[in-house]
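In this text the structure is predicted, and so the values were computed from the model without any measurement. One-based numbering along the sequence shown.
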Amino acid sequence: MDEKKEFKPFIPADKVVPEMTLVSVILGIILAVVFGAANAYLGLRVGMTVSASIPAAVISMGLIRFVLRRDNILENNMVQTIGSAGESLAAGAIFTLPALFMWAAESEAVSAPSFVEISVIAVCGGLLGVLFMVPLRTALIVEEHGVLPFPEGTACAEVLLAGESGGDKSKVVFSGLGISALYKFIADGLCLFPSEVAWEVKPLRAGFGADVLPALAGVGFICGKKISSYMFAGGVLGWFVIIPLISLFGGDMIMAPGEKPISTLGASGIWSSYIRYIGAGAVAAGGIISLVKSMPTIVKTFSKAVKGFGHKDTTELRTSKDLPLPVVMGGALVIALVIWLLPSVPVSLIGALIIVVFGFFFATVSSRMVGLVGSSNNPVSGMAIATLLIATAMLKATGMTGYEGMASAICIGTVICIVAAMAGDTSQDLKTGYIVGATPIRQQIGELVGALVSALAIGGVMYLLNAAWGFGEQQLPAPQATLMKLVVEGVMGGTLPWGLVFCGIFIAVVIEVLGLPVLPIAIGLYLPIYLSVPIFIGGMIRWFFEWNKAGKSKEENKDVIDKGILYSSGLIAGEGLIGILLAVFAVIPLKGGSTLADLIKLETPLGNAGGVVFFLLLLATIFYFSLHRKKKHEA
């Protein structure tokens, strides 16, 4: 107790420093849009997103401190607070909303959601996520300081504090961004080599390969050995155990939900027809298991928040001021009315209030999860699946069936998904602010600004990506949204292959009994192994640094890991940004019906070997930028 009271932030509570300046707001808005777009592309490619708080903090530090020559850590913190909101809102939106576009592509009678519809749904979820975190701040950030690690929030604070004493961390991020952008353009723009290399394993009737892309290796490095290994283990279970068994025993049989003989499908066909349903069951069970296990702490946090509702802080400390409770409750009520009146979400007022209640519940879950494992590992998709199962079943029971019921379920799930993602991001940012000495109410306003701007931008990004490649296609498989679509269709139409789903559920139970984390293994089982392999390689590189003690001292070794994380963040940002640029190229028409993207393609002349060589060179850059040290002043 005494330790918590004695904690002193970097900027004292009695010192007033400019935070929400015109510069910080404009830079934050730009980064919110950029990182939102980049993470939307990443999530649609691999089914997972990565926290943008650290790269946003580094970029803001580079721009404000070294370009604009402004020395203010709280201004830097405000930039990353607003900027990281774009990534979180994008994560919640792209996990669900692409299902509506896929339904529109499958039926001429169904139209894609409008830009206004997407924006309003995203605004409702984004604002609710921020508002719901406000009453939880004292319980999770202040009272549990030193108990909940908030890994990314703490790391972000360290980056900002490091900037106060100078450093080259921003150069490392920008180096990763530039190299990744060039690599992505060569691979998927010029198509000098395939970005996915694959081989058959004939004795097992299985397939093996990897997407040799920088973002995936970066994701693996940031997640580390454990998470990347668990994902890879899930991939091995699916592609080297279950797929061979189905292939060996299935023969020429046609087994539902597949429509062709198993012998003609190949590894990818078996994955598409059967494994993803097993993976869906495992992911859903993993999400539910996570909720059940965290229930005692959720109840404790919730009760603390409720007890604190009626108590006004009598202190005048700048670092204790939150958004007033009437604003929080009034804002939530107004959003509930908007959801009720929104034509695309045909629910009653009571139903809208239930959405708000569910939203607060999942905001509490998400904030605590983020405090334990970080934003990048926050099981938002598991929460979304649980919501969709309940919402779809309720809608079906009340007679709302067909496309109308399915679209309504997806919209409800989107609001809850964005709420969970935004609450998690807000909690990380508030932790950073708590350490550096920011004013909570100003950060909360900054989060609201970031959520609003990102919500308006995400509709345009989704329309652009869908026009360029189409959701559910090879370039943008949208694995999470495809899973949500399958769940809603299956529950609503009674066609969900429950046998396969229950296989996945019991695989999750076995994993839990063995004491292993269910969600990363389940995600690895659900995703193609081509994604798990490069993530695993990135995780192994980080493990090598940790095992080999690349630095001579603990501080030097920590510096190696930190630089690797910053460089990996740049790799993710660079690929995401070029992905957006290539999407623009793919919709710019030329004469003859081709596009600008078609004009620059070289048709992968280097083949699989070229992809492997380039990927090895890319991995070498992770070693270089992580281990490189300046030797100027050592004479």
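- A distance of 4.5 Å separates OG in S408 from CG in L395, rounded to the nearest 0.5 Å.
- Residues I435 and P9 are not in side-chain contact: their nearest non-hydrogen atoms beyond the backbone lie 4.5 Å or more apart.
- Among residue pairs with one or both ends in residues 436-464, those qualifying as ring pair (Phe, Tyr, Trp, His ring centres under 6.0 Å) are F101-Y463; sequence neighbours excluded.
- Pairs engaging residues 347-356 under the salt bridge (Lys or Arg N to Asp or Glu O under 4.0 Å) rule: none recorded [sequence neighbours left out].
- Partners of Q443 according to the side chain to side chain donor-acceptor pair (under 3.5 Å) rule, which considers only residues two or more places apart in sequence or in another chain, are T81.
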Would I11 and V436 count as a side chain to side chain contact (heavy atoms under 4.5 Å, CB included) if you check the C-alpha gap in whole Å, the side-chain angles of each, and the deciding distance to 0.1 Å?
-> CA-CA 6 Å; I11 301 294; V436 301; 5.8 Å; no
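- For L337, the side chain to side chain contact (heavy atoms under 4.5 Å, CB included) partners at least two apart in sequence or on another chain are W340, L349.
- At a threshold of 4.5 Å between non-hydrogen side-chain atoms, the residues F471 and L44 count as touching.
- The heavy-atom pair separating P440 from S320 by the smallest distance is CD-N, 4.3 Å.
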Would you please test I94 and Q480 for side chain to side chain contact (heavy atoms under 4.5 Å, CB included) and show each step?
-> CA-CA 8 Å; I94 58 94; Q480 297 282 12; 5.9 Å; no
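- Partners of K485 by side chain to side chain donor-acceptor pair (under 3.5 Å), not counting sequence neighbours, listed by chain and number: E106, E489.
- Residues G92 and A421 come closest through the heavy atom pair N-CB, 4.2 Å.
- Looking at heavy atoms from C-beta onward, L100 lies in side-chain contact with L97 at the 4.5 angstrom threshold.
- Within the structure, side-chain hydrogen bond (donor to acceptor under 3.5 Å, both in side chains) pairs that include any residue of residues 127-137 comprise R137-D322 (at least two apart or interchain).
- Counting only heavy atoms from C-beta outward, the side chains of D429 and Q80 approach each other to under 4.5 Å.
- The distance from the CG atom of N77 to the CZ atom of F10 is 12.0 Å, given to the nearest 0.5 Å.
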Please output the side-chain donor-acceptor pairs of residues 26-38 that fall under 3.5 Å, not counting sequence neighbours, one pair per line with the distance.
none

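- For residues 12-37, the salt bridge (Lys or Arg N to Asp or Glu O under 4.0 Å) pairs, not counting sequence neighbours, are E19-R318.
- Applying the side chain to side chain donor-acceptor pair (under 3.5 Å) criterion to T426, with sequence neighbours excluded, gives no partner residue.
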Name each donor-acceptor pair under 3.5 Å that joins a side chain in residues 409-418 to protein atoms two or more places apart or in another chain, with its distance.
from: T414; atom 1: OG1; to: T96; atom 2: OG1; distance (Å): 2.8
from: T414; atom 1: OG1; to: I410; atom 2: O; distance (Å): 2.7

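- Within the 4.5 Å cutoff, the side chain of L527 has heavy atoms near those of the M231 side chain.
- Of all heavy-atom pairs between M406 and W103, the closest is CB-CH2, 3.7 Å.
- At a threshold of 4.5 Å between non-hydrogen side-chain atoms, the residues L448 and L127 count as touching.
- Proximity of L131 to F360: side-chain heavy atoms (C-beta onward) are nowhere separated by under 4.5 Å.
- A pairwise comparison of heavy atoms in M422 and G126 identifies CG-CA, 3.8 Å as the closest pair.
- Side-chain atoms of S427 come within 3.5 Å of backbone atoms of G424 as a donor-acceptor pair (strictly under, hydrogens ignored).
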Stepwise side chain to side chain contact (heavy atoms under 4.5 Å, CB included) test for V487 and T392 | CA-CA 9 Å; V487 168; T392 309; 5.8 Å; no
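- Residues passing the side chain to side chain donor-acceptor pair (under 3.5 Å) test with T21 are S24, E75, sequence neighbours excluded.
- S84 and D425 get closest at one heavy-atom pair: OG-OD1, 3.1 Å.
- Checked against side chain to side chain contact (heavy atoms under 4.5 Å, CB included), L341 has no partners two or more places apart in sequence or in another chain.
- Taking each heavy atom of M492 and T401 in turn, the nearest pair found is SD-CA, 3.7 Å.
- Residues F362 and V419 form no side-chain contact, since every pair of their non-hydrogen atoms from C-beta on lies 4.5 Å or further apart.
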